[in-house]
Each structure stands twice: as structure tokens, then as C-alpha cells.
Amino acid sequence: MLLSDADGLFAALAALKLPRGEYVVCGSAALYVRGLRARMGDLDVLARGEAWERALALGAPESTVSGYGLRVVHPTASIEIMDRWTPGWSTDRLIDDADVIDGVPFMRLGDILRWKIAAARPKDHADVAAIRHLYRIWTGEAAPLSPPFSAAQELGQPAAEEETPAEGKDLRGLPGARLSD
């Protein structure tokens, strides 16, 4: 696995050895791996079959925050494994249609967009704008934007001087680069 993060969440997920085709990573991690978020708080994993059985070995299931389905909280890492997403979402379809990035299945961007719009939470507004902007880049309607923050600012350190990227430089692949309106 090539994916990494400062908190070691992807390494902890890999250590679970969940069977391919039986789980999908949802939520902010699916945006993080695509460069649409500079950080993620945790891993939200939707599981079925043998993957869900392996999750149950980690601890007793409890109700999800939404009250829809069950979740198991990893004992040492910020990973929640659920047996259902939110009402109206098919577990099988989300898992079967996942985008595989570096061997890890992630929720598709279109599904993330629909879910975040339906949830209508204030914390999702920036994610919705980032996904929509990416779609406009893909369709040629917009050009990539420079990151709205520096790496130092993202780490909570004061920014030195404003850096102006070279004109026309594509910044999407840079660490910490985020697309937004």
C-alpha cells in the first residue's frame, strides 16, 4: 500500500486485512486521497460479509451516530467500521462501485457529492465546492486554482511570505493542495 497519512490510519486499515470487494472507505478520506482535503479526521469504512465479521472481532458493535446501522470503533486508531451508510444508500452498490486507489477502495466522488449535498451540514460546504470545482476542471470550464493556504499554515505555523505560483503551473498534485471556489 502506497497511501500514507500523518496519523497512520491507512497503515492501521491495511493491518486489518479486510478482504477486497467487501468494504469501501467513505467520508473525508475519500477526498483526502484525491487531494481535495489537506487532512482527514478519521477513516469511515463501510463493510459487509467477511470484512464486517473481522470488524466485529475488534469490539462490540454500537449504534452509529445517525442511528442507522451499527459501527465498530477501532481500539487504537480513529477508524469506524459500519455495516450501513446513511438511509437511502445501498451498501452493496457503494462497495461494488468503489474507485480503487493504491489498492484501497474509496467511495466515488459523485456519491460523495450527492451524500454531502443531501446531508446539508455546514461542515460539508467546502467539500461540495471542491468537488464541483474539480468537475469544472475536468470539463474544461475552469482552471486549477493555487492552494488557498501554505503548508506552514496548514500545520498551524505562521506563514512566512506569500508565495506566488508560476503562471500556468498545475498545483493539483502538490502536497496540501486543495481545490476550492
Side-chain angles (χ1 to χ4, degrees), residues 1-121 123-128 130-132 134-135 138 172-173 175-179:
M1 172 178 9
L2 301 174
L3 294 172
S4 66
D5 61 281
D7 297 320
L9 297 178
F10 289 121
L13 177 65
L16 295 175
K17 297 184 185 214
L18 299 178
R20 185 175 269 194
E22 294 295 309
Y23 75 100
V24 62
V25 177
C26 303
S28 63
L31 297 172
Y32 172 82
V33 299
R34 292 174 170 100
L36 296 175
R37 267 188 162 225
R39 60 177 69 169
M40 58 184 177
D42 63 0
L43 288 182
D44 296 318
V45 179
L46 178 61
R48 67 180 176 198
E50 188 179 335
W52 178 246
E53 294 301 319
R54 288 190 189 184
L56 292 173
L58 296 173
E62 56 190 54
S63 291
T64 60
V65 174
S66 70
Y68 184 73
L70 298 173
R71 72 177 180 163
V72 174
V73 178
H74 192 286
T76 60
S78 291
I79 300 174
E80 293 184 10
I81 305 169
M82 295 154 276
D83 68 341
R84 295 184 190 135
W85 195 231
T86 55
W89 292 90
S90 164
T91 298
D92 289 334
R93 192 189 68 72
L94 289 173
I95 292 171
D96 293 341
D97 290 352
D99 287 332
V100 178
I101 301 170
D102 287 340
V104 178
F106 289 93
M107 191 175 191
R108 297 180 65 141
L109 276 179
D111 289 332
I112 295 168
L113 180 62
R114 284 187 291 280
W115 166 62
K116 286 187 172 279
I117 289 171
R121 303 174 300 187
K123 72 178 192 172
D124 292 327
H125 294 190
D127 293 337
V128 168
I131 296 168
R132 285 181 169 162
L134 181 60
Y135 280 140
W138 287 344
R172 287 176 287 171
R178 177 172 35 176
L179 302 175

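Scope of the values below: all heavy atoms of this structure, side chains included, with no hydrogens, waters or symmetry mates. Please read all numbers here as calculations on a predicted model, not as lab measurements.
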| request: Show your working on side chain to side chain contact (heavy atoms under 4.5 Å, CB included) between Arg114 and Asp111 and close with a plain yes or no. | output: CA-CA 5 Å; Arg114 284 187 291 280; Asp111 289 332; 2.6 Å; yes
| Step-by-step side chain to side chain contact (heavy atoms under 4.5 Å, CB included) determination, Lys116 to His125 | CA-CA 8 Å; Lys116 286 187 172 279; His125 294 190; over 6 Å; no
| Would Val24 and Val45 satisfy side chain to side chain contact (heavy atoms under 4.5 Å, CB included), going step by step from the backbone distance to the final call? | CA-CA 6 Å; Val24 62; Val45 179; over 6 Å; no
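Across Ala55 and Val72, no two heavy atoms sit closer than the pair O-CG1, 3.2 Å. Shown here for Ala51 and Leu18, the closest heavy-atom pair between the two residues is O-CD2, 3.7 Å. Nearest heavy-atom pair, Gly27 versus Asp44, reported as atom, atom and distance to 0.1 Å: CA-OD2, 4.2 Å. Of all non-hydrogen atoms in Ile112 and Ala30, the two that sit nearest each other are CD1-CB, 3.3 Å.
Between Leu134 and Arg34 there is no side-chain heavy-atom pair separated by less than 4.5 Å. The shortest side-chain heavy-atom distance between Thr64 and Arg84 does not fall under the 4.5 Å cut-off. A heavy-atom distance below 4.5 Å is not found between the side chains of Thr91 and Asp83. Counting heavy atoms from C-beta outward, Val25 and Val33 have side chains that stay 4.5 Å or more apart. Side-chain contact between Leu109 and Leu36 is present, with heavy atoms from C-beta onward closer than 4.5 Å. Side-chain contact between Leu16 and Leu58 is present, with at least one heavy-atom pair separated by less than 4.5 Å. Between Leu46 and Met107, the closest side-chain pair of non-hydrogen atoms is not below 4.5 Å. Proximity of Asp102 to Phe10: side-chain heavy atoms (C-beta onward) are nowhere separated by under 4.5 Å.
Counting only distance, with no hydrogens or angles, the side chain of Arg20 and the backbone of Pro105 share no donor-acceptor pair below 3.5 Å. Side chain of Tyr32 to main chain of Gly41: no donor-acceptor pair is present (N/O by atom type, distance under 3.5 Å, no hydrogens or angles). With Arg108 contributing its side chain and Leu94 its backbone, the two residues share no donor-acceptor pair below 3.5 Å.
Asp7 CG to Met40 CE: the interatomic distance, rounded to the nearest 0.5 Å, is 7.0 Å. Atom-to-atom distance recorded for Asp97:CG and Asp99:CG is 9.0 Å, nearest 0.5 angstrom. Atoms CG and NE2, on Asp42 and His74 in that order, are 12.5 Å from each other to the nearest 0.5 Å. How far SG of Cys26 is from CG of Leu43: 10.5 Å, rounded to the nearest 0.5 Å. Here Trp89 contributes atom CH2 and Tyr68 contributes atom OH; the two are 12.0 Å apart, rounded to the nearest 0.5 Å. Taken to the nearest 0.5 Å, the CZ atom of Arg71 stands 4.0 Å off from the CD atom of Glu80.
Note on ring orientation: taking the six-membered ring where Trp is involved, the planes of Trp85 and Trp115 are tilted (angle from 30° to 60°).
Listed by chain and residue number, nothing satisfies the salt bridge (charged side-chain N to carboxylate O under 4.0 Å, His left out) test with Glu53 (two or more places apart in sequence, or in another chain).
Salt bridge status for Arg48 with Asp96: present, with a side-chain N to carboxylate O gap under 4.0 Å.
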